[in-house]
Structure formats: C-alpha cells, structure tokens
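Because the structure is predicted, anything quoted here is derived from the model rather than measured. Every chain is numbered from 1 and lettered A, B, ... according to where its sequence line falls, protein lines coming before strand lines.
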Amino acid sequence: MAKKYLMKGNEAMAEAALRAHCRHFFGYPITPQTEVAAYMAKRMPKLGGTYLQAESEVAAINMVLGASAAGMRAMTSSSSPGISLKTEGISYIAASDLPALIVNVMRGGPGLGGIQPSQSDYWQATKAPGHGDAQVLVYAPSSVQEMVDLTIRAFETAERWRMPAMLLADGMLGQMMEPVSFPDEVPLPPEKPWALTGTKGARKPNIVNSLYLTPSQLEQIVKERFQRYEKVKAQEVLCERYKLDDAQFVLVAYGATARICKAAVDMAREKGIPVGLFRPITLWPFPEKELAALGGQVKSMLAVEMSMGQMVDDVRLAVNGRCPVYFYGRTGGIIPTPAEIEGQIVKMANRKEEA
Amino acid sequence: MGKEFQKAVILVTGYYGSGKTSFALSLAERLVKEGRPPAIVDLDVVNPYFRTFDYREQLQAEGIRVEAPVYAGTNLDIPALPPSIDGLIERATESSPVILDLGGDDAGAAVLGRYKAGLLAAWKRDELAVLHLVNFRRALTPDAQSAVEEAAAIGAACGFMPTAVINSTNLGPETTGSTLLDSLDEAEALGRQLGVPVEATVMEPAVWQGLTPEEQTQIPGAFLLTRRVKLPWE
C-alpha cells in the first residue's frame, strides 16, 4: 500500500492536483485556503510547472481559462469572497466548454464575512456559479482523503464533459489534518483535439469562443450543452449511505458537517433511535433519485448545514413531499457539535406526524 | 526532563502542522507539575485555525498564563501583538519560564524579529531553547535532508537556529509504534546535521504503551502528550 502522510486538507488537495498532472495554478491568497497557494508555490517550480499569484481573483480565473483553452490541466483556488469575484470567469469557462478545477474552501459570509468554516456558498456553487444558463460539477469532500480522491476525479470528469468542476470544501476540511495516501499513478490527461495548440499548418484552426452572433445560434449551443448536462446527471452522481438499512429517520449533510452528523447518528443509535445519514458527494449533479427513493421509505429527514438552509431546498425538491424535511443549521463560522445535532435527532424522532 | 526544557525562554518552531501547539500545550502542563508555572504565548500570526488561544480558559484554570495576538479568535486576522509579550520574554526565569508557540514555517517564525533584543539577551545568558519540531510523516519533510532545509529556512527567518530537535512524527489516529520507530534514524540524522540533540520524542500515551519494553529503550526522551487539539467529532 502507498505510504501514508499526515496532511492538511488544503495541502492534500494541492498535492493531489500535482499528482494529477496539473502544472498550471493561478491563485490569490485568502484565508482559509492560503496553504493551497503556499504549497503550490513551493512544489510547482520543482516540477517545471507554473505557479502564479495573479494580481486579483478576476485575473487568476481568466488565466485558468487561457491555460485550459491551450489544452492544459489548470486550476485556481480561493475562499468564498474570492469565488464571488471569479464567477464571471467561471461563466466564461462554462460558455467556452472548457474543463477547469475551481476550489472553494468556504468561510462565513455574506460580504467579507468571517474566516471560520461555513457552507453558505451552496446556492452559489450549484445554482449560479456565474451568470447565464450554466452548471459546474460540484464535489463535496468530507475527509482529507476525499480532498485527494475528488480532486483527481474532478479533473477527469471536467475533461470528460468539457465543463468546469468545483471542489466545494470548507475551512474545517482545509485546515484539519488526517492521514492520507495517494494513488501510485494517475492517468495522463486525454488528448484534447479541440485545444488551441497551433495548427502547424496541418489542420484547420480550433476556435474556443463564448460569443455567438445570433440568438438562434446561442440558443442552439446552450440547448446542446444542456443535453450534455442530462448525461452528466445520469452518470456522475455520487453519494454515501451510513446506517440507512433500517433507518426511519435520516440526516442529510455534506462535507465536514457530515462527519459531525455521523458522530451524532452513532450517539442517537445508542439511545435506540433508528437514524442514518445520507451524504451527497456530488452537489451538482444532486442525488435526486436516491433521495426520492429514500423519502418513500422513512418517517422524516433533517438536513444539517453550516448555513441558514441552502441544500435543504434540493432535498425538499427531490423528496417532493414523500416525507417531511426539517432543517437545522449554524452559520457565521460556528460549527455545530455532535451533541447539538443529536438533540435535533431526538426532537425529530419525538415529533408528532403532521397531518 | 531534558536540559533544554529547563531554560527560561522556550521557542517552539517547525513546519506547518508538525505538532507545535500540541507539544507546547503539553510542555506547559509538564512545567506546571514541576513547579515552574509557565506563560505560553500564541505567536501564530499565520493561521487562525487550531491554535493555543482556543484553549486559554482551560490553561488559565491550570495556572498557565496565556498571551496571544490582540485579535486572535476573531474574524479580524491581523497580527497585532500586545506589549505584554515583551515583558514576558524579558522577565522570564527558569522558575517562571515562557513558551513561545510560533506559527508554521519561515513565515510563522518571522514574527520573532519583533522580539530580537529580548531573545538575544536570553541567548547570551544561555537561557534560550529553540525547539525544532519535525514530523517525518508530513509530505514535505519525509526525511532528514528536507527537514534540514526547512529548519534552515526557519532559522534564517527568525535569526536563531535550533538548539534541539523534537521528534513529533505521527499519523494522527493511525499512529502506531512502528510509525515512531521508523522515524528514529531520520530524527537522529537531522540532529546530527544541525549539531543538536534529539531532546524528546513525542507520542500519545497509547502509542507508548503499545511498544515493547525493549522498543521503549530505543526511544530518546519519550514525551507523552496530552492531546487537546481535537476535531469537532472526536
């Protein structure tokens, strides 16, 4: 087995990107993801890659667009307020059908917000990662090992579907340390026949573009892109089920919150409450079918988030009235405790069925 | 306990995540037990997460004075340092020592420039310990050579080279006796290259108990840790 190292989530994700042959990183520092840039700054020159601290987040994301258009595996990382600045560029990348990896290590918001962990950018990541009709793949790791595995996967799926992917982590995951291992070998990126690599007089020029001169042309392009999104929805959903086999009550949580919920599930199980955890690993595409099926089997669900309630919207849409869906959240950089969530499980289990 | 731990001013340096805060907190606890209640200064102006300041109430209840950047624990992550830290360094004695828990890397050590006069005075009196922590299971310091480079960068940033190596090699919850035993040669090589002793080998009590008596004799300066830095679900 590969040797294990003790790593922070931020470092592990940066190392994973390097092992996935990413040689172009464009960043700008912001707490709590600065270690990503610091790690890249140390390692990238030794690998002959490009680490560049741009003059702003807006510049960094557009450098990613350029590098990706040239066929390179490219990425940027930031934290909530920085991601807001990048959203214009993300929209252009999506419109240009380019793969790229964008990392958001979420902190409290809105505005400048705080520097402690949060999950209040769910809506931004899944509903409006930029203007226009577009989606990005959104992966939500919940351990340092998943920061590694999903970083590699995100590059690969982004290239498979020619669309941007986002790793949506939070300050807790970025900063905490856990043992991790890396795959011995990550496959090289596939050939990209569409990339702007110079015709060398041997082929017609490739064009990477997001401007279409007529409305009908633009509508056609967007419709085709949405047909591709349907395939992504059918093929790329990931989720984890924890103690759901006999569960009558279900917690739904992602990221670091899911780790806390697991501890709460174990505590409530000791009290005899049949509760389990459903953890979406992809937030877009969201595990709609899986949750819908589960909604028909259980008494109720409780979405737990470090926000005022964002993912809970998607849980309710998926469950579509098959069972009540409640919400519990903390925000502003406050991390809920296992005991606090266990209290919510008890409350849910004691609730009278609503007519 | 090692001679370096008897000094009046104890700097705890090392790479990001080498275990500085966990070690500094345990050292403080041990000094209290020895009748030398220390002050501990959270000098981490680099990273706002998992820091000494988070444990100040517990520590103060145990007789350990805690000083920290003025805005530690808030959303204003600016490195404003209170003047009381100067006094702690200048007035530290063997019976009333001060532990400075630095931020990681050369970036974290740079803050010591601010305290150069007091530290230099302590160094001249042979009352300054610079304890350099190393975890050989961190990805960027897997061996003595990379750890020497790291120590040199930190030394250059703060102006003081290590006076002792502290081997804090661990894999978090997956640490076993062999994690530690495998690191002993590298720790010794690091000490040799820096010209300083391996003053302590840090581990949780369970890891120590998992070693055979014979293996225990191989460990230089076993230092058992009270782990306070925990994740919310632990």
Stepwise salt bridge (Lys or Arg N to Asp or Glu O under 4.0 Å) check, A:K42 with B:D105: CA-CA 12 Å; A:K42 270 193 178 167; B:D105 263 8; 3.2 Å; yes
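Considering only heavy-atom pairs separated by less than 4.5 Å from chain A, the leading option among B:A139, B:G172, B:A107 is B:A139. Per-residue counts of heavy-atom pairs under 4.5 Å with chain B were compared for A:M172, A:E178, A:E35, A:R43; the largest is that of A:M172. Of all the listed residues (B:N47, B:V46, B:T179), the one sharing the greatest number of non-hydrogen pairs under 4.5 Å with chain A is B:N47. Interface check for chain B: of the options A:G171, A:G113, A:P338, the most heavy-atom pairs under 4.5 Å are formed by A:G171.
Contact annotation for A:T31: only side-chain heavy atoms (C-beta onward) come within less than 4.5 Å of a heavy atom of chain B. With a 4.5 Å cut-off on non-hydrogen atoms, A:E15 does not touch chain B at all. A:F182 does not touch chain B: none of its heavy atoms, backbone or side chain, sits under 4.5 Å away. Neither the backbone nor the side chain of B:T175 comes within less than 4.5 Å of any heavy atom in chain A. For B:L76, no part lies under 4.5 angstrom from a heavy atom of chain A. Proximity to chain B (any heavy atom under 4.5 Å) is shown, for A:I260, by both the backbone and the side chain. Of the atoms belonging to B:L231, it is side-chain heavy atoms, and not backbone ones, that fall under 4.5 Å from chain A. Contact annotation for A:R107: neither backbone nor side-chain heavy atoms come within less than 4.5 Å of a heavy atom of chain B.
Heavy atoms of other residues, nucleotides or ligands lying less than 6.0 angstrom from CD of A:E185 number 12 at most. Within a 6.0 Å radius of CD in B:E188, no more than 12 heavy atoms belonging to other residues, nucleotides or ligands are found.
Between the CG atom in B:N135 and the OH atom in A:Y5 there is a gap of 11.0 Å [rounded to 0.5 Å]. Note: B:Y16 OH to A:M177 CE = 12.5 Å, rounded to the nearest 0.5 Å. Atoms CG and CH2, on A:D266 and B:W233 in that order, are 13.5 Å from each other to the nearest 0.5 Å.
Here the closest heavy-atom approach between residue B:N170 and residue A:L6 is recorded as OD1-CD2, 3.3 Å.
A side chain to side chain contact (heavy atoms under 4.5 Å, CB included) with B:Y49 is found for exactly one of A:M176, A:Q116, A:K8, namely A:Q116.
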